[in-house]
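Here the structure comes first, spelled out in structure tokens, and everything after it is commentary.
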Amino acid sequence: MNENPYSTAVLAWYEANARDLPWRRPEATPWEILISEIMLQQTPVVRVLPAWEAWVERWPRPADLAAEPAGEAVRMWNRLGYPRRALNLHACARAIVERHDGRVPDSHSDLLALPGVGPYTAAAVASFAFGQRHAILDTNVRRVLARAETGIEYPPKTQTKAEVRLAESLLPDAPAVAARWGVAVMELGALVCTARSPKCADCPILDRCSWVLAGRPPHDGPPRRGQTYAGTDRQVRGRLLAVLREAPGPVAKEALDAVWDKSVQRERALDALVADGLVDPLEDGTYALPG
DNA sequence: CAAGCGTGGCC
DNA sequence: TGGCCAAGCTT
């Protein structure tokens, strides 16, 4: 068998422990899987589940979403965070209709050309939706490989070429097995080999984990970058957009002004939202979600 | 390439 | 309590 030293154990563990997520079911369509992958970017599964259900019910095919104004996607995004992704998904739908006859493309390069689809998401859709052989390297896999292979607690802050090479070197040869392997390692990172308090007692490759064999040395080097939020433009953007999402139609400037005291920062945030295409300034001085 | 981009839950 | 973290992408 053309498998890496972990694959049998990890695949068996996945069979027994994988969560029953709707986008993993056999009947899930490539479009549904693409929606899930965009939603899951930097967002926990538990928060994605209800949003995903609502989206696939309302827009079961790319053409259904493509027929709507972008603002409807932003409104449906609700509080998932990073609302730019709603715009991206809407633009994906229109690109898929215009360039790919309404079907999610199956080639990695075509996927990569879609808005908001980067190397990870393109590989994930090609692998999970179409059974192709691509290295899956997300935050979960990076952490598992850092520990199991490299023997360090956390991967580098930014993804390195060495990590990509490592992930590729571990990829089973048969596409179907490779696809299974990719989702299995992700799941292992999500459920067992977690960032804080990993559940090593439940790990199927504990006896081969370089980090454990080295005595679980703590992370050294610079502290990992923390995200600040309170008081940032991001928080202001979030408040401004929330007002627009919750309103049935265009809102007056005064309603937006009420969400933040500091006018300079508030105006900067609003301008940025307009520049990003998330907010539409209307002729009469009111603001709306994009048409 | 490092910074910017939302939101909420957890320890 | 508050920093950390969550299936990244874009510029």
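All values reported here derive from a predicted model rather than from experimental measurement.
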Could you tell me how far [M] sits from [N] if I compare only their [atom1] atoms? Round to whole Å.
{"N": "dT10(C)", "M": "dG8(B)", "atom1": "P", "answer": "24 Å"}
{"N": "dG4(B)", "M": "dA7(C)", "atom1": "P", "answer": "23 Å"}
{"N": "dC9(C)", "M": "dC1(B)", "atom1": "C1'", "answer": "14 Å"}

Nearest-Å distance, [atom1] ([X]) to [atom2] ([N])?
{"X": "Leu87(A)", "N": "dC9(C)", "atom1": "CG", "atom2": "P", "answer": "17 Å"}
{"X": "Tyr82(A)", "N": "dA3(B)", "atom1": "OH", "atom2": "P", "answer": "14 Å"}
{"X": "Leu241(A)", "N": "dT7(B)", "atom1": "CG", "atom2": "P", "answer": "7 Å"}
{"X": "Lys199(A)", "N": "dC10(B)", "atom1": "NZ", "atom2": "C1'", "answer": "12 Å"}
{"X": "Leu278(A)", "N": "dG4(B)", "atom1": "CG", "atom2": "P", "answer": "18 Å"}
{"X": "Leu80(A)", "N": "dA6(C)", "atom1": "CG", "atom2": "P", "answer": "17 Å"}
{"X": "Arg85(A)", "N": "dG4(B)", "atom1": "CZ", "atom2": "C1'", "answer": "14 Å"}
{"X": "Leu137(A)", "N": "dC9(C)", "atom1": "CG", "atom2": "C1'", "answer": "15 Å"}

What nucleic acid atoms does [X] come within less than 4.0 Å of, heavy atoms only: base, sugar-phosphate, or nothing?
{"X": "Trp23(A)", "value": "base"}
{"X": "Arg142(A)", "value": "nothing"}
{"X": "Ser36(A)", "value": "nothing"}
{"X": "Val117(A)", "value": "sugar-phosphate"}
{"X": "Ala195(A)", "value": "sugar-phosphate"}

For the residue pair [X] and [Y], establish whether any side-chain heavy-atom pair is separated by less than 4.5 Å.
{"X": "Ile136(A)", "Y": "Val183(A)", "result": "no"}
{"X": "Leu188(A)", "Y": "Val141(A)", "result": "no"}
{"X": "Tyr154(A)", "Y": "Arg142(A)", "result": "no"}
{"X": "Val212(A)", "Y": "Cys203(A)", "result": "no"}

Among [options], which nucleotide sits nearest the side chain of [X]?
{"X": "Gln41(A)", "options": "dA6(C), dC9(C), dC5(C)", "answer": "dC9(C)"}
{"X": "Pro119(A)", "options": "dC5(C), dA6(C), dC9(C)", "answer": "dC9(C)"}
{"X": "Leu40(A)", "options": "dG6(B), dT7(B), dA7(C)", "answer": "dA7(C)"}
{"X": "Thr121(A)", "options": "dG8(C), dA7(C), dG6(B)", "answer": "dG8(C)"}
{"X": "Arg47(A)", "options": "dG9(B), dA6(C), dT7(B)", "answer": "dT7(B)"}
{"X": "Asp138(A)", "options": "dA7(C), dG4(B), dA6(C)", "answer": "dA7(C)"}

| request: Please check if the side chain of Trp31(A) supplies one atom and the backbone of Trp59(A) the other of a donor-acceptor pair under 3.5 Å. | output: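 Yes; judged by distance alone, with no hydrogens or angles, the pair exists.
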| message | Can you tell me whether the side chain of Thr43(A) and the base of dG8(B) have a donor-acceptor pair closer than 3.5 Å? | response |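 No such pair is found, so the answer is no.
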| message | What I want to check is whether an N or O donor and acceptor connect the side chain of Arg234(A) with the base of dG4(B) at under 3.5 Å. | response | no
Do any side-chain nitrogens or oxygens of [X] fall under 4.0 Å of OP1 or OP2 in [N]?
{"X": "Gln42(A)", "N": "dG8(C)", "value": "yes"}
{"X": "Arg79(A)", "N": "dG8(B)", "value": "yes"}
{"X": "Tyr229(A)", "N": "dT7(B)", "value": "yes"}

| request: For Asn88(A) and for Leu21(A), find the nucleotide of DNA chain C with the closest heavy atom, then tell me which residue's nucleotide is more 5'. | output: Leu21(A)
| request: Could you say whether Gly116(A) or Val45(A) is positioned toward the 5' end of DNA chain C, judged by the nucleotide with the nearest heavy atom to each? | output: Val45(A)
| field | Which atom of Asn88(A) lies closest to which atom of Gly116(A), heavy atoms considered | value | ND2-CA, 3.5 Å
| field | Nearest heavy atoms of Arg24(A) and Glu187(A), plus distance in Å | value | NH2-OE1, 2.6 Å
| said: Closest-nucleotide mapping onto DNA chain B: is Gly81(A) or Arg196(A) further toward the 5' terminus? I mean the 5' end. | reply: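 Nearest nucleotide further toward 5': that of Gly81(A).
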